[in-house]
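Predicted model only: the values in this text are computed from it and were never measured.
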Amino acid sequence: MRMSHLFGRTLREAPGDVELPSHRLMLRAGMMRPLGAGIYSLLPLGFRVVTKVEQIIREELNAIGGQELLMPVVHPADLWKESGRYDNVGPEMTRFKDRGDRDMVLAMTHEEIVTDLARQEINSYRQLPQLVYHIQTKWRDEPRSRGGLIRVREFTMKDSYSLDRDEAGLDVQYRNHWGAYERIFRRCGLRFVVVGADTGMMGGSASHEFMALSEYGEDIVLLCPNGDYADNREVATFRREPASTEPPRPMEEVETPDTTTIRALADYLDIPLAKTGKAVFFKGDSGRFIFAVIRGDLEINETKLRKATGELGLTPATAEEIRAIGAEPGYGSPVGVRDATIVVDESVRDTPNLVAGANRVGWHLMNVNLGRDYQADVVADIAAADAGLPCPVCGAPLDAERAIEVGNIFKLGTRYSAMLGATYLDAEGQSHPIVMGSYGIGSGRVTATVVEQHHDDKGIIWPVTIAPYHVSLLSLGGADESGPVEAADKLYDALLSADVEVLYDDRTDRAGVKFNDADLIGCPIRVSVSARTLARGEAELKPRVASESTFVPLDEVVPTVQQMLAALAAPLSGEPGAE
RNA sequence: CGGGGUGUGGCGCAGCUGGCAGCGCGCGGCGUUUGGGACGCUGAGGUCGGAGGUUCGAAUCCUCUCACCCCGACCA
């Protein structure tokens with residue numbers, strides 16, 4: 001590609017309101033442009049990268065038996081009503097009517113469509129297992145998009161769907177995807193961890209997320225330093241201390257002025273946080289008042305609390321709502337409250353004689369004990385894991401890291417096939433629902449995440465596997481010097497003939513402009529020719545990551561570039577430990 | 001949805017106590033330059049987000065509205 005004709009140019013300055021490095025650099029490098037909030041066009045350079053990411057995905061999915069197909073981006077709402085998600089999913093799903101007044105939706109995922117196809121195409125156990133996938137547009141009207149391609153409303157996702165006779169078959173496909181995803185992300189040059197995760201709106205029995213570590217990640221993962229454990233914070237647990245055998249002591253009131261926070265209370269009474277009980281109040285979507293109790297040294301995990309209560313959503317309760325059940329904000333405890341669902345964390349069950357609120361301003365209760373002084377509707381793990389808490393496997397202090405979710409895998413089971421009637425007949429003629437899994441990777445998010453992990457102050461540093469071009473070729477010199485242009489033209493043809501992808505900067509700009517743009521765009525190897533190098537019959541070669549150049553005779557440029565590319569590609573083969 | 005912020009040429013910004021719409025970069029032309037974002041001359045390019053209002057006069061003041069960004073809530 002000759003840069004003089006490239007559609008989309010580089011920017012010296014990015015729009016002032018962008019925050020993430022990947023967002024800024026991909027805009028400056030002329031790879032994408034915004035159209036609206038969370039909606040982007042990919043320009044030719046960016047599209048080439050995303051296409052390469054998708055091709056890697058395609059190769060690895062095909063290698064585990066995937067068959068590519070294509071499903072629509074507009075769906076009749078009836079299918080979503082059949083699965084129940086038409087009503088369960090909120091406004092992030094866009095609903096509209098066609099000209100015939102039929103309810104339609106924009107695709108945010110394709111479980112319903114695959115299941116509908118399966119019930120038409122699959123009748124017999126002989127046809128299973130199956131693995132289908134597509135790479136298709138998704139629309140999710142998120143309440144808030146942010147960060148360039150990291151979180152968008154319209155995006156392209158590879159979603160694959162496994163169809164099996166039974167759980168054992170699903171296990172195989174789940175493990176196959178796990179391996180394929182590891183190879184995909186390694187080939188893209190991503191550093192990532194795999195963590196256990198919540199199943200969220202997808203439902204199903206198990207889920208893992210592939211998390212690329214990044215300071216701009218929206219998720220927090222908890223990692224055991226010994227590698228014994230890794231989970232998304234939404235579901236992460238930690239090793240609990242054994243229940244205390246301390247005998248219950250009589251409950252008594254104690255005056256505690258100005259102690260509306262647990263910290264202030266512990267300081268005032270000069271006791272550790274772990275000897276206090278903390279009340280946290282929520283209103284559930286069902287209208288119930290959720291009264292959560294946890295030890296003062298721990299925090300509530302709302303995802304766990306939602307699961308423990310069966311509530312789809314929780315919002316913090318107002319002071320009026322808290323007083324209406326007989327509690328007092330800042331001095332709350334479950335002792336004596338009414339009309340509330342009381343959810344107690346295991347820490348409170350296992351720690352006797354806690355200090356808790358007296359439900360009146362300025363007073364607390366000493367020696368509060370579950371079972372004696374109040375009853376729980378639910379006792380469960382509702383505590384948030386955090387850095388420093390002990391690993392549930394080995395007890396070592398956990399690390400907490402920010403991460404970007406670049407892929408995830410779900411065991412759906414029969415949640416969709418049962419509701420939509422996607423069944424097969426076994427060898428005995430018995431009908432069974434197909435056992436399903438679903439697996440997603442956002443190609444644009446992967447691309448942006450690679451930039452987050454691979455850039456410097458000058459620009460992007462693409463892994464060779466997904467770089468828009470392998471080589472930036474620069475002709476340096478004045479318009480009246482024909483030598484560099486002629487030499488560069490020849491090198492351009494020679495490299496193309498050797499199947500090297502070349503972005504040829506044939507513009508008339510000065511050297512500094514070309515160097516800066518080459519660094520910004522981030523192709524792995526830069527080849528320059530100028531009067532200075534030609535005087536020795538040489539070209540200058542410089543890997544994007546290197547600080548020093550090498551000079552090689554013109555007729556050795558092609559083989560040298562090929563060697564350098566091979567060396568850059570070797571660690572990105574997808575094999576474990578290749579990096 | 002709550003809180004905060006910003007809308008002025010392609011990009012970055014100034015102008016905002018009302019009085020000719022500006023600067024830098026970029027873009028066209030001419031010339032000089034030519035290895036890390038050159039210089040001179042000369043041009044083109046703007047419904048000042050939109051609507052309504054106040055005023056002799058509005059980018060500037062008032063009202064409404066739209067869009068975008070950030071934090072939070074939310075979220076494969």
Side-chain angles (χ1 to χ4, degrees), chain A residues 8-20 23-24 27-28 30 33-39 85 89-93 107-111 138-148 150-153 155-161 197-204 207-210 216 218-219 232 234 282 285 302-303 306 312-316 404-410 412 438-442 445 458-459 474-481 483-485 505 507-520 526 528-535 540 542 549 551:
Chain A
R9 64 179 166 204
T10 58
L11 305 175
R12 291 200 182 186
E13 295 173 284
D17 50 20
V18 308
E19 299 286 324
L20 298 200
H23 191 191
R24 187 178 68 248
L27 287 174
R28 284 194 54 213
R33 294 289 181 255
L35 181 62
I39 312 174
R85 286 160 122 191
V89 177
E92 59 267 32
M93 181 160 73
M108 51 189 301
T109 178
H110 283 79
E111 281 77 15
K138 304 291 183 286
W139 171 259
R140 295 184 187 178
D141 196 358
E142 302 281 355
R144 187 177 162 218
S145 58
R146 74 191 91 184
I150 298 290
R151 181 169 200 78
V152 289
R153 293 194 294 170
F155 58 102
T156 304
M157 180 165 86
K158 184 288 298 173
D159 38 327
S160 43
Y161 302 90
D198 183 38
T199 51
M201 67 171 255
M202 306 300 295
S207 169
H208 286 85
E209 294 171 332
F210 292 72
Y216 291 103
E218 300 188 277
D219 287 278
N232 191 308
E234 289 182 345
F282 296 93
D285 278 3
E302 287 192 31
T303 303
R306 276 205 304 272
L312 290 174
L314 296 170
T315 45
I404 299 167
E405 178 192 344
V406 288
N408 63 22
I409 55 179
F410 289 96
L412 298 175
S438 106
Y439 316 85
I441 295 178
R445 184 185 280 187
K458 293 179 182 301
L474 316 186
S475 61
L476 309 179
D480 55 338
E481 299 178 52
V485 172
D505 195 343
R507 299 174 301 178
T508 54
D509 289 273
R510 295 163 67 92
V513 172
K514 296 190 178 188
F515 286 141
N516 280 305
D517 275 349
D519 287 343
L520 176 61
R526 190 183 79 196
S528 337
V529 289
S530 65
R532 187 188 297 179
T533 69
L534 291 175
E540 175 193 350
K542 180 183 166 303
S549 304
F551 292 84

Separation of the [atom1] atoms in [N] and [M], to the nearest angstrom:
N	M	atom1	value
B:U63	B:C20	P	25 Å
B:G12	B:U54	C1'	34 Å
B:G26	B:G9	C1'	11 Å
B:A38	B:C74	P	49 Å
B:A14	B:C56	P	32 Å
B:U42	B:C13	P	29 Å
B:U32	B:C69	C1'	44 Å
B:G49	B:U60	P	8 Å

Self-check item: Check: A:A107 main-chain N/O paired with A:K138 side-chain donor or acceptor under 3.5 Å
Solution: no
Self-check item: Whether A:R33 side chain and A:L27 backbone form a donor-acceptor pair below 3.5 Å
Solution: yes
Using a 4.0 Å heavy-atom cut-off, does [X] contact any base of the nucleic acid, only the sugar-phosphate backbone, or nothing at all?
X	value
A:F155	base
A:G442	base
A:R144	base
A:G147	sugar-phosphate

Quiz item: Between A:E540 and A:T533, does any side-chain donor sit less than 3.5 Å from a side-chain acceptor?
Solution: no
Could you please name the partner base of [N], counting Watson-Crick and G-U wobble pairs only when both distances are under 3.5 Å?
N	value
B:A59	none
B:G46	none
B:C16	none
B:U33	none
B:G7	B:C66

Rounded distance in Å - [atom1] ([X]) to [atom2] ([N]):
X	N	atom1	atom2	value
A:R33	B:G10	CZ	C1'	9 Å
A:R146	B:C1	CZ	C1'	14 Å
A:E19	B:C69	CD	C1'	8 Å
A:H23	B:C68	NE2	P	13 Å
A:E234	B:A73	CD	C1'	14 Å
A:E13	B:C23	CD	P	17 Å
A:L35	B:G10	CG	P	16 Å
A:L27	B:G10	CG	P	17 Å

Practice problem: Please tell me which of A:V18 and A:E405 maps to the more 5' nucleotide of RNA chain B, matching each residue to the nucleotide holding its nearest heavy atom. | Solution: A:V18
Quiz item: If you pin A:R306 and A:R9 to their nearest nucleotides in RNA chain B, which one's is more 5'?
Solution: A:R9
In chain order, what residues pass the salt bridge (Lys or Arg N to Asp or Glu O under 4.0 Å) check against [X], with sequence neighbours excluded?
X	answer
A:R153	A:D141
A:D219	none
A:E302	none
A:R507	A:D505, A:D509, A:D517

Quiz item: What does nucleotides 31-43 of chain B look like as a protein-contact string, B for base, S for sugar-phosphate only, - for none, at under 4.0 angstrom between heavy atoms?
Solution: --BBBBBB-----
Quiz item: Listed by chain and number, what are the ring pair (Phe, Tyr, Trp, His ring centres under 6.0 Å) partners of A:Y439, not counting sequence neighbours?
Solution: A:H177
Self-check item: ring pair (Phe, Tyr, Trp, His ring centres under 6.0 Å) partners of A:H110, counting only residues at least two apart
Solution: A:H75, A:H134
Quiz item: Can you list the residues that meet the side-chain contact (heavy atoms from CB on, under 4.5 Å) rule with A:R146, with sequence neighbours excluded?
Solution: A:R144, A:R151, A:E218
Quiz item: Checking side-chain contact (heavy atoms from CB on, under 4.5 Å) for the pair A:I404/A:R445: CA distance, chi angles, key distance, verdict?
Solution: CA-CA 9 Å; A:I404 299 167; A:R445 184 185 280 187; 3.9 Å; yes
Please produce a list of atom pairs where a protein N or O lies less than 3.5 Å from an N or O of nucleotides 5-9 of chain B.
none

